[in-house]
Amino acid sequence: MIESVAGKAAVSALATHIVRWIANLGRAGDYRKEQSRQCLERVILAVRKTAVYCRSLDQGKPVSHDKEAEIAIEWTQLALELERLKLDKLAKKCRVSGWYWEDQGRFDEEFLRKAQVSFNHIETLASRLLKSIG
């Protein structure tokens, strides 16, 4: 029961955020739209890059601190750019992802689940925002 209510609340908050963002984007110029489009595409690419690295770890490849640093920096850069573009919900997810890859012991599983920072959650939100630009 609580999960279904929390799920509905999260969907409602996401829908409200997207509607507000689209209204603001409609008032923005073509340059701002293009910046948003490029940043959202880079978020989707970061999901892919990170997923490939995770798959390599699952297959027994050694941990690469250099690769993890690169991933942490990429997610943090995306968060900063998304904040400038006022895409705050997605920016927060990217910031948490950056922190996670900086130090994987920083958050427990419960926090990460509630933050909805799975590859699927992040890509879905980025894709929805990207489609709304047109």
Side-chain angles (χ1 to χ4, degrees):
M1 177 78 166
I2 293 173
E3 287 182 40
S4 65
V5 172
K8 290 178 185 176
V11 169
S12 176
L14 176 61
T16 300
H17 173 73
I18 290 174
V19 167
R20 257 190 264 140
W21 182 76
I22 291 170
N24 290 336
L25 188 63
R27 293 188 293 268
D30 290 338
Y31 180 71
R32 169 83 182 267
K33 289 178 184 178
E34 185 58 28
Q35 282 182 311
S36 298
R37 184 178 295 111
Q38 288 176 9
C39 188
L40 292 166
E41 288 170 353
R42 286 197 318 276
V43 168
I44 293 168
L45 294 173
V47 167
R48 295 285 183 277
K49 178 181 186 176
T50 309
V52 168
Y53 177 69
C54 288
R55 189 177 71 240
S56 75
L57 294 176
D58 290 344
Q59 294 173 350
K61 299 279 196 285
V63 171
S64 168
H65 294 290
D66 290 340
K67 186 63 140 175
E68 290 182 5
E70 179 184 320
I71 289 170
I73 290 167
E74 186 170 349
W75 282 111
T76 303
Q77 287 173 330
L78 287 166
L80 294 169
E81 189 170 343
L82 289 163
E83 287 168 356
R84 281 191 298 275
L85 293 167
K86 306 295 185 216
L87 297 172
D88 296 326
K89 283 194 181 283
L90 186 55
K92 187 174 183 180
K93 292 178 186 316
C94 290
R95 186 170 295 280
V96 169
S97 295
W99 284 331
Y100 173 82
W101 286 102
E102 172 197 351
D103 176 8
Q104 294 176 24
R106 185 176 195 153
F107 304 115
D108 62 22
E109 288 296 319
E110 180 67 13
F111 174 84
L112 294 171
R113 187 184 62 73
K114 287 181 180 179
Q116 297 182 331
V117 293
S118 70
F119 297 143
N120 188 48
H121 280 104
I122 292 173
E123 184 171 350
T124 298
L125 179 53
S127 294
R128 285 182 187 161
L129 293 168
L130 193 56
K131 285 179 185 175
S132 71
I133 294 172

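Val43 pairs in a side-chain contact (heavy atoms from CB on, under 4.5 Å) with only one of the listed residues (Ser97, Cys94, Ser127), which is Cys94. None of Leu90, Leu40, Leu130, Asn120 except one satisfies the side-chain contact (heavy atoms from CB on, under 4.5 Å) rule with Leu125; the exception is Leu90. Partner of Phe119 under the side-chain contact (heavy atoms from CB on, under 4.5 Å) criterion, out of Ile44, Thr124, Thr50: Thr50 alone.
Rounding to the nearest 0.5 Å places CD of Gln104 at 10.0 Å from CG of Leu112. Lys92 NZ to Leu87 CG: the interatomic distance, rounded to the nearest 0.5 Å, is 15.0 Å. Remark: Ser36 OG to Leu129 CG distance equals 9.0 Å, nearest 0.5 Å. In this structure, Arg113 CZ and Asp108 CG are separated by 10.0 Å, a value rounded to the nearest 0.5 Å. Arg84 CZ to Arg32 CZ: the interatomic distance, rounded to the nearest 0.5 Å, is 11.0 Å.
Checked by atom type, the side-chain pair Gln35/Glu81 shows no donor-acceptor distance below 3.5 Å.
Surrounding NZ of Lys49 are more than 12 heavy atoms belonging to other residues, nucleotides or ligands, all under 6.0 Å away. Counting non-hydrogen atoms of neighbouring residues, nucleotides and ligands closer than 6.0 angstrom, the CD atom of Gln59 exceeds 12 such neighbours.
When all heavy atoms of Val117 and Lys93 are compared, the closest pair comes out as CG1-O, 3.7 Å.
Among residues two or more places apart in sequence or in another chain, the ring-ring contact (aromatic ring centres under 6.0 Å, His included) test is passed with Tyr100 by none. With sequence neighbours excluded, no residue satisfies side chain to side chain donor-acceptor pair (under 3.5 Å) with Glu41.
Residue pairs meeting the ring-ring contact (aromatic ring centres under 6.0 Å, His included) criterion with at least one member in residues 31-68, sequence neighbours excluded, are Tyr53-Trp101.
Using a cut-off of 4.0 Å between Lys/Arg side-chain N and Asp/Glu carboxylate O, Glu74 and Arg42 are scored as not salt-bridged. Using a cutoff of 4.0 Å between basic side-chain nitrogens and carboxylate oxygens, Glu110 and Lys114 are scored as salt-bridged. A salt bridge links Glu83 with Arg95: the distance from a Lys NZ or Arg NE/NH1/NH2 to an Asp or Glu carboxylate oxygen falls below 4.0 Å.
Follow the hydrophobic side-chain contacts under 4.5 Å out from Leu57 and you reach Val47 in the same cluster. In the hydrophobic clustering of ILVMFWY residues, with side-chain heavy atoms under 4.5 Å counting as a link, Leu78 and Ile73 come out apart. Follow the hydrophobic side-chain contacts under 4.5 Å out from Leu80 and you never reach Ile71; the two are in separate clusters.
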TODO: Show your working on side-chain contact (heavy atoms from CB on, under 4.5 Å) between Lys131 and Arg128 and close with a plain yes or no.
DONE: CA-CA 5 Å; Lys131 285 179 185 175; Arg128 285 182 187 161; 5.9 Å; no
- [ ] Take Arg48 and Glu123 through the test side-chain contact (heavy atoms from CB on, under 4.5 Å) and record every step on the way to the result.
- [x] CA-CA 9 Å; Arg48 295 285 183 277; Glu123 184 171 350; 2.6 Å; yes
